[in-house]
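Some notes on the structure that comes next.
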Amino acid sequence: PIPSSRWMGGAASAPDAPLRHGALLIAPELFDNAALGVSPAEASSMDPQQRLLLELGYAALHGAGLGRAELGGSGTAVYVGVMSTEFREALPTERVNAYARTGTGHCFAAGRLSFALGLHGPCEAIDVACSAALVACHAAHRAVQAGDASCALFGGVNMMFAPSMLAFYAASGLTSPSGASHVFDARADGFVRGEGCG
């Protein structure tokens with residue numbers, strides 16, 4: 001269950017009980033900006049989705065045996081599937097500064113990682129809704145296959161910051177009232193048709 005404290009405005013803005021389930025990150029606001037060369041002013045208005053991509057993208061490359069020395073100036077490509085821009089609406093006015101546009105635009109998500117690590121390969125943020133990460137994976141594979149990149153990093157991110165988006169998904173039949181996933185299951189099909197699911 002999603003605690004009401006998770007939403008801006010607390011319990012007053014939380015959706016009805018059937019819409020109160022989700023996968024939650026603990027302390028998404030935490031970010032080691034200094035390790036990735038991001039100033040405190042820039043980090044203060046940066047979408048947590050971009051923060052997560054920077055930290056986990058670098059960790060994935062490092063885990064593959066690629067340190068900063070090998071990555072800098074390399075033809076490594078970055079493809080990111082991202083669709084949510086809710087943080088822009090949830091950003092408190094006192095944190096709006098010169099970096100707010102690049103910090104909240106999902107079109108900047110992939111470029112931020114390329115810039116931070118000095119990557120010179122293709123770089124693209126892909127927004128095709130729910131299949132964005134899958135399409136990013138396909139683009140990364142094709143870039144390496146075609147020789148457009150020496151190696152590629154792909155990822156997908158989607159974080160919700162406003163309960164209104166969860167209500168929108170529910171109204172479209174894209175959520176489960178029980179909070180359980182029913183992917184490739186007849187119960188999911190029934191819910192999409194408006195018959196409900198357990």
Side-chain angles (χ1 to χ4, degrees), residues 22-26 28-88 91 97-161 165 169 172 174 181 183-184 188:
L24 306 177
L25 291 175
I26 296 170
E29 70 281 2
L30 300 180
F31 174 58
D32 188 1
N33 60 294
L36 291 157
V38 178
S39 72
E42 190 171 8
S44 73
S45 60
M46 185 187 295
D47 189 328
Q49 294 181 124
Q50 291 188 22
R51 301 176 197 169
L52 191 65
L53 285 168
L54 279 171
E55 290 183 328
L56 296 182
Y58 176 69
L61 290 168
H62 185 66
L66 300 169
R68 287 196 178 191
E70 295 87 2
L71 291 170
S74 73
T76 303
V78 177
Y79 293 92
V80 172
V82 56
M83 65 180 228
S84 175
T85 58
E86 291 175 46
F87 185 73
R88 180 182 301 143
L91 185 67
N97 57 32
Y99 302 106
R101 177 68 184 124
T102 57
T104 59
H106 67 304
C107 55
F108 300 101
R112 190 174 288 282
L113 188 55
S114 288
F115 177 77
L117 299 178
L119 309 179
H120 293 179
C123 175
E124 186 176 349
I126 297 168
D127 180 358
V128 289
C130 298
S131 61
L134 182 61
V135 174
C137 174
H138 178 72
H141 175 75
R142 294 302 295 263
V144 173
Q145 191 177 49
D148 294 336
S150 55
C151 66
L153 170 71
F154 81 91
V157 64
N158 185 49
M159 296 172 76
M160 293 190 297
F161 301 99
M165 187 55 68
Y169 286 145
S172 301
L174 301 174
S181 176
V183 177
F184 305 119

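Proximity of a side-chain donor or acceptor of Arg51 to a complementary backbone N or O of Leu30 within less than 3.5 Å is not detected. Under the 3.5 Å distance criterion, the side-chain polar atoms of Asn33 are matched with a main-chain donor or acceptor of Val38. Of the possible polar contacts, none joining the Glu29 side chain to the Pro48 backbone as a donor-acceptor pair under 3.5 Å is found.
To the nearest 0.5 Å, atom CG of residue Leu52 and atom CG of residue Leu25 are 6.0 Å apart.
A heavy-atom distance below 4.5 Å is found between the side chains of Leu91 and Thr104. A heavy-atom distance below 4.5 Å is not found between the side chains of Cys123 and Phe115. Val78 is not listed as a side-chain neighbour of Leu117, based on a closest heavy-atom distance of 4.5 Å or more. Contact of the Met159 side chain with the Phe87 side chain is not registered, since no non-hydrogen atoms from C-beta on lie closer than 4.5 Å. Put simply, the side chain of Phe31 reaches to within 4.5 Å of the side chain of Glu55, judged on heavy atoms.
With His106 as the partner, the side-chain hydrogen bond (donor to acceptor under 3.5 Å, both in side chains) test is satisfied by one option alone out of Thr85, Asp127, Asp47: Asp127.
Applying the side chain to side chain donor-acceptor pair (under 3.5 Å) test to every pair with at least one member in residues 65-75, sequence neighbours left out, gives these pairs: Ser74-Thr76. Applying the side chain to side chain donor-acceptor pair (under 3.5 Å) definition to pairs two or more places apart or across chains, those involving residues 131-146 are Arg142-Gln145. Sorted by first then second residue, the side chain to side chain donor-acceptor pair (under 3.5 Å) pairs that include residues 112-125, not counting sequence neighbours, are Glu42-Arg112, Gln50-Arg112.
Nearest heavy atom pair, residue Ile126 against residue Ala139, reads CD1-CB, 4.1 Å.
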